[in-house]
Amino acid sequence: MNVSAPSDASEDRAGPKNRTATAESDNSTAARLGAWVVLLGTVVTLIGLSWDIQWHNQVGPDTFFTLPHLFLYAGSAISGFACLAMVFIATFAQRAGRPVPRQGGPAIRVFGSNLTAPLGYMIAGAGAALFLVYGLLDLEWHSIYGFDAVLNTPSHVALFLSITLTMIGSIIVFAAHRDHGWGRFGIVLAIPVLLTFAPIPVQGLENFDLPVDPTTLGTVLFGPLLLVLGAAVLARAGAAIAIAVALGIMQVLLWWFSPWAAETYASAIGLPLRDGLTDRAPALPALMPMFLIVAAIAVEGLFWLARTRGYDANKIVLAAGAVTGVVVGVTFPLQLKLTNMASHLSLEILVTMGLLGIPLGLLAGFFGGRFTRMLPAPAMETLR
């Protein structure tokens, strides 16, 4: 699964001493700080989204200027400024004639070669910038139509896609440093953040008459894809289980935080809760696949066969995706019923989603393997 990226021209011309300095700079304080601040921004955004969805469920429609929205925009701003700082560091190094550190992936010239942007930070920063731009569209939407009653408005879907781009950039940044312990730990945290959020933009498809709920469809596709991707990128025993455990911890924290924050904020500004609230679980945490640990154990077994028996890695990722697709496909409708998010559950639904999980899982495994090879190799691998 390990891949290597071509060296920059500046690194090819550098001597052993300069190469060593470049390798050390890739594990510098700036590299670690930049990666963690970008991830922090995505976590703040995820918290804001969970809070905002819970507000809609427990209180009602909202305006543009609310505290949950502030978290959403603050998260993107945090990630965006961190990305901008890392771009400036790479640009100043290039203009000074020093080897450009591969902090967050290979450096790419942008804006007429005026800026030198590490790949991961360029993608994450572009998502953050687009989020703020589409925020103006959301403000205009509120100005025209007033309160928001649903999530799948055009401005919201654009915002969700922008956040997704930032989260993808965060994974790329940590993947470029997976030869260090902090880089591997960052992947274990960044994958569940995107796994939680990835099905949300798919809700834009609710405007179409689909035979399957779009959120369920997105969960069955993106859950296996990201689990396989994370396990393949880390290429270590226990990686899939670590990702599933991290997802479970996030789920527990958001399960407690979301209703507490909605109730506390409503009380602080003098708004009542909706009448007739039931025991329905917090919305976003209830949509996080809580049985992913079962699939993670199966993925660990399959990857163990690849490491110890020499099985074809391309076939293993397909099998891992298919198994995870079936597990998520069968357990997710059950999860929705247990959390009162769905009113009906039948054997027909379980069989249908289990069968649908096979092609979606195979597709997820295929893309998981491809994306693994596309991610930038760690700088230390390039310098060997």
Side-chain angles (χ1 to χ4, degrees), residues 1-3 167-168 170-172 174-175 178-179 181 183-199 216-252 287-335 350 353-375:
M1 292 296 177
N2 291 331
V3 295
M167 293 176 177
I168 292 172
S170 176
I171 293 174
I172 294 173
F174 281 110
R178 62 186 180 272
D179 51 338
R184 294 189 292 272
F185 185 55
I187 292 175
V188 170
L189 297 180
I191 290 285
V193 170
L194 180 57
L195 196 154
T196 299
F197 191 83
T216 301
L217 190 66
T219 302
V220 177
L221 175 62
F222 293 117
L225 192 159
L226 291 169
L227 182 65
V228 170
L229 173 67
V233 169
L234 291 171
R236 289 171 178 264
I241 292 177
I243 290 171
V245 169
L247 179 73
I249 293 173
M250 290 183 187
Q251 187 174 40
V252 169
L287 295 177
M288 300 166 68
M290 60 177 59
F291 295 102
L292 195 68
I293 186 66
V294 177
I297 294 172
V299 170
E300 286 294 330
L302 289 168
F303 275 59
W304 177 82
L305 291 176
R307 289 192 300 268
T308 61
R309 304 294 178 85
Y311 287 8
D312 186 356
N314 293 320
K315 294 180 180 179
I316 287 296
V317 294
L318 289 176
V323 170
T324 307
V326 172
V327 170
V328 176
V330 171
T331 60
F332 192 68
L334 176 62
Q335 171 183 331
L350 294 179
M353 292 310 303
L355 293 175
L356 186 61
I358 297 175
L360 289 178
L362 288 171
L363 186 64
F366 172 78
F367 281 115
R370 288 299 180 95
F371 291 155
T372 299
R373 289 190 288 270
M374 290 170 60
L375 286 173

So, taking the atom named CG in L292 and the one named OG1 in T324, what distance separates them when rounded to the nearest 0.5 Å? 7.0 Å
Evaluate the side-chain proximity of T331 to P289: yes if any heavy-atom separation is below 4.5 Å, no if none is. no
Are any non-hydrogen side-chain atoms of L225 and L363 less than 4.5 angstrom apart? no
Heavy-atom side-chain proximity of T196 to L287 below 4.5 angstrom: no
Can you check whether V317 reaches F303 side chain to side chain, under 4.5 Å on heavy atoms? yes
Does atom CZ (F185) have a neighbourhood of more than 12 heavy atoms from anything else shown, all under 6.0 Å? no
L221 versus L360, closest heavy-atom pair with distance: CD1-O, 3.7 Å
Checking side chain to side chain contact (heavy atoms under 4.5 Å, CB included) between I249 and each of V252, L247, V245, which is the one that passes? V245
Taking CZ in R307 as the centre, count heavy atoms belonging to other residues, nucleotides or ligands within less than 6.0 Å. Is the count above 12? yes
A side-chain contact here means heavy atoms from C-beta on lying under 4.5 Å apart; do V323 and V326 qualify? no
Spacing of L217 atom CG and L356 atom CG [to the nearest 0.5 Å]: 6.5 Å
Whether the side chain of R178 engages the backbone of A175 through a donor-acceptor N/O pair (distance < 3.5 Å, no angle test) should be reported. yes
Flag side-chain contact, heavy atom, 4.5 Å: M290 against F332: no
Where do T219 and P224 come nearest, in terms of heavy atoms and distance? O-CD, 3.7 Å
Identify the heavy atoms of V330 and G354 that sit nearest to each other, and give their distance. CG2-CA, 3.6 Å
Could you tell me if the side chain of L194 sits less than 4.5 Å from the side chain of I171, heavy atoms only? yes
Under 3.5 Å donor-acceptor, Q335 side chain and M288 backbone: yes
Please report the shortest heavy-atom distance between L195 and G223, naming the atom on each side. CD1-O, 3.9 Å
Flag the pair L375 / L229 as yes when at least one side-chain heavy-atom distance between them is below 4.5 Å, and no otherwise. yes
Under the criterion side chain to side chain contact (heavy atoms under 4.5 Å, CB included), I'd like the reasoning laid out for R309 against W304: C-alpha separation, chi angles, the key distance, then a yes or no. CA-CA 8 Å; R309 304 294 178 85; W304 177 82; 3.8 Å; yes
I'd like to know if the side chain of E300 reaches the main chain of A239, judged simply by a donor and an acceptor atom lying under 3.5 Å from each other, with no hydrogens or angles considered. yes
Exercise: identify the closest heavy-atom pair between P199 and F222: N-CD1, 4.5 Å
Steps toward side chain to side chain contact (heavy atoms under 4.5 Å, CB included) verdict (I187, V233): CA-CA 9 Å; I187 292 175; V233 169; 3.7 Å; yes
Got a second to check how far F371's CZ is from L226's CG, nearest 0.5 Å? 9.5 Å
Closest approach of P333 to L350 (non-hydrogen atoms, all atoms of both residues): CB-CD2, 4.2 Å
